[in-house]
Protein chains: 2
Amino acid sequence: MHESLLAHFRRYISINDHEEKIICKHVTYRVVNNKEYILKEGQVCHANYFIVKGCFRMYLSTNTGTEQIIQFGIDNWWITDYTSLEMQKPSIYTIQAVENSEILVIDKRIQEELFSTIPQLERYFRIILQRIHSAYLMRIHYIYNMSGEERYNHFNGMFPEFVQRVPQYMLASYLGFTPEFLSKIRARKS
Amino acid sequence: MHESLLAHFRRYISINDHEEKIICKHVTYRVVNNKEYILKEGQVCHANYFIVKGCFRMYLSTNTGTEQIIQFGIDNWWITDYTSLEMQKPSIYTIQAVENSEILVIDKRIQEELFSTIPQLERYFRIILQRIHSAYLMRIHYIYNMSGEERYNHFNGMFPEFVQRVPQYMLASYLGFTPEFLSKIRARKS
DNA sequence: TTCCGTTCTTGAACAAGATTAAGTTTTTTG
DNA sequence: CAAAAAACTTAATCTTGTTCAAGAACGGAA
């Protein structure tokens with residue numbers, strides 16, 4: 001199951017067999033069942049997580065006491081709180097599995113070691129983060145320039161399988177409106 | 001004026017005198033006056049821009065014909081379209097000076113060369129991008145969980161000098177509401 | 001200084017989506 | 001299988017922010 005991680009690396013950088021072995025030796029596999037947490041608000045985040053299979057949500061609690069989902073992570077995505085990880089400060093986020101999942105864990109210390117033994121990994125994460133950043137610029141554009149209904153339809157068109165995978169109230173939170181409103185949208189379509 | 005760039009590098013990585021000289025040799029200084037463009041919608045972005053002094057806006061045109069400001073860049077920030085730069089595809093964004101500004105230009109080819117001669121630079125950009133990403137997660141949280149008025153007050157509290165620097169209609173666009181509404185907010189405060 | 005273009009303000013009518021509070025369906029668990 | 005918990009729906013009312021349209025103020029250039 002390290003293969004999916006290596007494949008992802010290979011998509012952006014070239015690494016040799018020796019380096020692959022080093023990586024596999026230092027990365028640890030972990031099963032995370034539905035509703036289990038890999039990071040809780042207030043804890044210091046100590047690892048970067050590569051999702052081999054499954055689905056996670058990252059959320060924070062608002063001042064009105066509700067949970068605001070900021071991002072989802074699925075197969076072949078990284079998920080972590082970079083601020084907490086880098087500064088070793090308590091996180092404001094909670095990361096929870098929303099399906100039975102399998103992840104690969106790269107501990108902070110290990111990751112720093114890997115960066116110095118395989119500098120190409122810095123490049124890999126730089127490229128990954130560039131892509132994430134571009135996606136976030138678009139996300140803000142969508143939030144500002146589409147109605148809730150348009151945003152739901154757009155998301156539905158882009159990731160139809162994903163919409164089936166998570167409860168509707170989570171999708172509503174991620175898309176920035178209430179579950180009641182999502183119900184209304186769906187009612188309109190039939 | 002290369003000093004501000006080197007100082008920014010030194011904040012995140014350590015580089016020696018020799019490397020600093022290489023960087024200075026390859027980075028070009030440029031004055032960009034108010035309302036001048038460094039990237040226009042449809043063009044391929046061919047450089048990464050470090051703002052030494054001044055202010056830029058990055059926007060795209062919406063289907064209703066208006067300009068949606070996605071981000072600002074000020075002193076000591078990088079601005080570019082990473083998607084267009086990396087893939088060498090036409091950009092959907094326009095980047096325009098909103099003050100008389102001074103920038104340092106790192107051409108794509110030059111940047112790639114610098115990455116291979118000074119691998120630490122990959123690390124620098126990785127860290128920068130991590131920070132940007134964290135900021136964007138918070139930005140989405142603010143957009144979803146604060147009213148327009150709260151968002152304006154919050155932004156005003158965080159960057160009071162900046163609010164004075166740009167026209168109100170640009171600020172309104174960046175914060176995701178109409179100039180008319182911003183006027184109304186300001187009227188309420190007095 | 002005057003003129004012109006740009007930016008900012010005000011107000012009325014309207015739309016998108018939140019809130020509240022039931023009620024219904026689905027899923028989980030003992 | 002029954003009961004409880006979790007997820008989803010519906011509808012009435014209320015808020016936030018938009019749109020449109022007009023006018024006022026400001027800033028820069030001739």
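Letters go in sequence order (proteins before strands), and every chain restarts at 1. It should be emphasised that the depicted structure is a prediction, and the values quoted were computed from it without experimental measurement.
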Would you say the ring centroid of [X] lies under 6.0 angstrom from that of [Y]?
| X | Y | value |
| --- | --- | --- |
| His2(B) | Tyr29(B) | no |
| Phe155(B) | Tyr174(B) | yes |
| Phe162(B) | Phe72(B) | yes |

In whole angstroms, how far is the [atom2] atom of [N] from the [atom1] atom of [X]?
| X | N | atom1 | atom2 | value |
| --- | --- | --- | --- | --- |
| Leu182(A) | dA18(C) | CG | P | 11 Å |
| Lys35(B) | dA29(D) | NZ | C1' | 12 Å |
| Ile185(A) | dG17(C) | CD1 | P | 7 Å |
| Asn145(B) | dT16(D) | CG | P | 15 Å |
| Glu150(A) | dA16(C) | CD | P | 10 Å |
| Arg188(B) | dT10(C) | CZ | P | 12 Å |
| Lys184(B) | dT16(D) | NZ | P | 12 Å |
| Phe181(B) | dA21(D) | CZ | C1' | 19 Å |

Checklist line | Same apolar cluster: Ile110(A) and Met87(A), side chain cutoff 4.5 Å | finding: no
Item checked: Qualifying residues under side-chain contact (heavy atoms from CB on, under 4.5 Å), relative to Arg165(B), sequence neighbours excluded -> Cys55(B), Ile74(B), Asp75(B), Glu99(B)
Checklist line | N/O (side chain, Arg186(A)) to phosphate O (OP1/OP2, dC8(D)) under 4.0 Å | finding: no
Check: Is there a side-chain polar atom (N or O) of Thr178(A) under 4.0 Å from OP1 or OP2 of dA18(C)?
Finding: yes
Note to self: By the 4.0 Å heavy-atom rule, please label Ser183(A) as base, sugar-phosphate, or nothing.
What the structure shows: base
Note to self: Let's see if you can work this out: which of dT7(C), dT18(D), dA7(D) has an atom nearest to the side-chain heavy atoms of Pro167(A)?
What the structure shows: dA7(D)
Check: In this structure, which one of Phe56(B), Phe50(B), Tyr49(B) forms a ring pair (Phe, Tyr, Trp, His ring centres under 6.0 Å) with Trp78(B)?
Finding: Phe50(B)
Check: Does a salt bridge link Glu149(A) with Lys189(A), judged by any charged N lying under 4.0 Å from a carboxylate O?
Finding: no
Note to self: Nearest heavy atom decides the nucleotide; on that basis, is Gly148(A) or Glu180(A) closer to the 5' end of DNA chain C?
What the structure shows: Gly148(A)
Notebook entry, point to check: Which residues in residues 168-175 of chain A have at least one heavy atom lying under 4.0 Å from any atom of DNA chain D?
Noted result: Gln168(A), Tyr169(A)
